[in-house]
Amino acid sequence: MQTSDLIRILPEIILAVAGIVVMLLGAFQKQNAGRMHPAIALLGLLGAAGAIAYQYPWRSLDPAFGGMLELDAFSAFFHILFFLVAALVVLSSSEYVAQERLASGEYHALLLFATMGMGLMASSNDLIMIFIGLEISSLASYILVGFRRGVATSSESSLKYFLLGSFATAFLLYGIALMFGATGATNLTEIHLALQAEQNTVTAMASPQLTPLVGPVPTALVGLSIALLFVGFAFKVSAVPFQIWTPDVYQGAPTPVTAFLSTGSKAAAFAVFLRVFMVALEGSAQDWVWLLWVSGLLSMVLGNLAALLQTNIKRMLAYSSIAHAGYILVAFTAHSEEGVAAVMFYLAAYALMNIGAFAVVSHFGNRGERYVEMEHYAGLGYRAPLLAASMTVFLLSLIGIPLTGGFFGKFYIFRAALHADLVWLTVLGVLNSAIAAYYYLRVIVFMYMHPAAEQIPVERVRPAMGFVLIFSMAATFLLGIFPQAVLDFASQAAALLLENLGNGVL
Amino acid sequence: MPPVTPVHYLFLSMALFTIGVIGVLTRRNVIIILISIELIFNAVNINLVAFSSQFASISGQTFAIFVIVAAAAEAAVGLGIIIALFRNKETVNADEIDLMKW
């Protein structure tokens with residue numbers, strides 16, 4: 001290990017230290033320390049973002065820790081996205097934490113640890129590192145989901161998330177073990193080379209005592225491994241048919257945590273999904289593209305149809321998040337540079353609008369999350385005009401109305417799919433976004449056109465929450481009017497990610 | 001007696017994996033489900049160590065140690081979550097954990 005290696009994981013080190021400090025403060029300080037925890041968490045996130053900026057230009061960095069971590073523009077993009085998401089979640093949960101009397105120190109520490117794990121996932125270029133990053137972020141989020149300890153639904157969704165999550169992780173691990181058995185490597189670039197040469201990396205070195213092993217890569221093992229890896233990642237991004245946990249977990253979790261899971265965790269899972277499949281397994285694309293095709297289509301259809309039937313807003317947004325995973329899989333199916341860039345852009349746009357939407361849901365929910373049903377939103381357009389207006393913006397962006405980030409996100413996705421000749425998938429995807437418009441608009445109709453049956457109390461918006469709403473709204477419009485800067489960054493990152501593969505450079 | 005080859009280990013680990021999956025899918029006690037998941041993790045470990053010795057490469061064994069650590073952490077978190085649920089619902093039966101449906 002060298003100093004240069006430590007600089008590569010500087011953002012993660014800063015986050016871990018900040019998390020430990022927050023946790024210790026929570027343990028040793030008595031009352032009124034609650035206000036310091038978000039401040040320290042935000043400072044940690046800011047420091048980590050500064051470390052990412054310090055690492056610039058990312059391209060010139062060699063892989064760290066013997067090729068385990070790869071600091072490229074791809075990982076920098078996702079790091080910045082995670083830090084932004086985590087910061088917005090910290091700001092938007094200050095109300096919630098105080099209201100529900102949650103243990104503030106542990107809450108913020110776990111958020112930081114989860115963010116750190118996600119950062120590791122985005123930069124890891126080795127299956128071992130991917131597994132460790134995944135575990136760090138998952139373990140923290142299992143606990144965060146069950147953070148309202150006295151509430152049965154919260155514990156229940158935590159247990160469901162934990163059992164199904166570790167079941168899926170076990171599948172993923174088995175896939176990793178088989179991939180190691182087939183290629184003799186855990187490094188993604190080495191796996192790519194081994195599959196390309198159809199020769200074990202170990203036997204390629206032709207050491208004398210291993211000569212009996214010289215032979216082609218066993219294709220059956222590789223196929224089984226790809227299937228198991230797909231199961232693991234599809235679970236993490238909540239794609240059909242591994243989406244069963246999503247609605248229950250999103251409904252039972254504290255609302256800010258739901259926002260975190262549906263944006264940060266999903267983006268992290270897509271980051272590793274992209275890196276593993278586009279870097280290591282790109283050569284056997286014909287084996288897995290149809291898996292993505294089917295899963296993407298089913299996610300869109302099932303997510304949208306089930307969302308039509310929901311009355312609980314959190315549950316509706318959960319099904320909508322399944323549908324959005326489907327849209328992203330459409331771009332992924334294109335498995336081109338453009339497709340990767342479209343996925344990255346969409347994840348950024350989706351993160352900003354969804355955090356905004358969940359922030360509004362969290363604020364309206366009030367103590368104990370009592371008001372999260374659709375009918376509670378009746379008449380809010382007149383009683384809380386600003387909140388309702390921002391909710392409308394976020395919902396319109398989720399539909400994909402022009403001038404919002406969601407529009408360009410969908411536009412780039414379907415353009416990438418069309419360029420890859422996925423005409424049917426594109427047509428079905430566009431039809432699906434039309435179905436989706438129905439249930440998003442229904443919330444808007446409830447807010448503006450239904451008389452209120454019950455006057456639900458609306459608290460005053462605190463500055464932190466106000467900042468989150470204004471920021472996500474501004475960012476949603478910015479991505480919808482000037483998408484070019486973010487898209488350029490994403491395209492560059494995608495190009496860099498894929499460029500090494502053509503010439504087989506390690 | 002024929003020598004033990006990597007294929008034997010592969011079959012042993014597949015058997016463990018299958019037992020684990022069947023356990024998760026059919027058992028109703030949450031603790032048993034947790035144990036079944038641990039069984040799958042150990043199937044993975046057998047695979048990793050067997051392949052590691054086949055390739056004479058250390059990285060598989062290193063990975064196995066990481067898996068053991070992660071599995072221990074998961075068991076700790078999982079038992080904590082089960083206790084939290086038990087305090088609220090007084091049950092560890094998966095069929096009775098049904099506050100949220102569709």
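Residue numbering restarts at 1 for every chain, and letters A, B, ... go by the order of the sequence lines. Computed over heavy atoms, backbone and side chain alike; hydrogens, waters and symmetry mates excluded.
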Query - Stepwise salt bridge (Lys or Arg N to Asp or Glu O under 4.0 Å) check, K314(A) with E369(A) - result: CA-CA 10 Å; K314(A) 279 171 89 178; E369(A) 295 191 8; 2.6 Å; yes
Requested in this report: Select one option (side chain, backbone, both, neither) describing which atoms of V69(B) are under 4.5 Å from chain A's heavy atoms.
Outcome: neither
Requested in this report: Measure distances from S13(B) to the heavy atoms of chain A and classify the residue's part below 4.5 Å as side chain, backbone, both or neither.
Outcome: both
Decide yes or no for [X] and [Y]: does some side-chain heavy atom of the first lie under 4.5 Å from some side-chain heavy atom of the second?
X	Y	value
E106(A)	F147(A)	yes
L178(A)	L10(B)	yes
Y161(A)	D248(A)	no

Query raised in the report: For the rings on F17(B) and Y174(A), is their centre-to-centre separation under 6.0 Å?
Result: yes
Portion of [X] that has a non-hydrogen atom of chain B nearer than 4.5 angstrom:
X	answer
V145(A)	neither
F162(A)	side chain
S157(A)	both

Query raised in the report: Would you call the rings of F180(A) and F55(B) parallel, tilted or perpendicular, where under 30° means parallel and over 60° means perpendicular?
Result: perpendicular
**Report entry** N187(A) side chain vs G67(A) backbone, donor-acceptor pair below 3.5 Å
**Finding:** yes
Query raised in the report: What option among L127(A), I176(A), L159(A) has the most heavy-atom pairs under 4.5 Å with chain B?
Result: L159(A)
Query raised in the report: G150(A), G252(A), G146(A): which one forms the most heavy-atom pairs within less than 4.5 Å of chain B?
Result: G150(A)
Report task. Check side-chain contact (heavy atoms from CB on, under 4.5 Å) between V231(A) and all other residues, then give those that pass, not counting sequence neighbours. Result -> F171(A), F242(A)
Report task. Output, in order, the C-alpha distance, side-chain angles, deciding distance and verdict of side-chain hydrogen bond (donor to acceptor under 3.5 Å, both in side chains) for T5(B) and H8(B). Result -> CA-CA 5 Å; T5(B) 63; H8(B) 290 96; 2.9 Å; yes
Report summary line: Assert top hit (heavy-atom pairs under 4.5 Å, partner chain A, pool A73(B), S36(B), A76(B), A70(B)) equals A70(B)
Report summary line: Checking heavy-atom separations under 4.5 Å from chain B, one finds in residues 128-137 of chain A I128(A), F131(A), I132(A), E135(A)
Query raised in the report: Near R149(A) CZ, under 6.0 Å, is it more than 12 heavy atoms from other residues, nucleotides or ligands?
Result: no
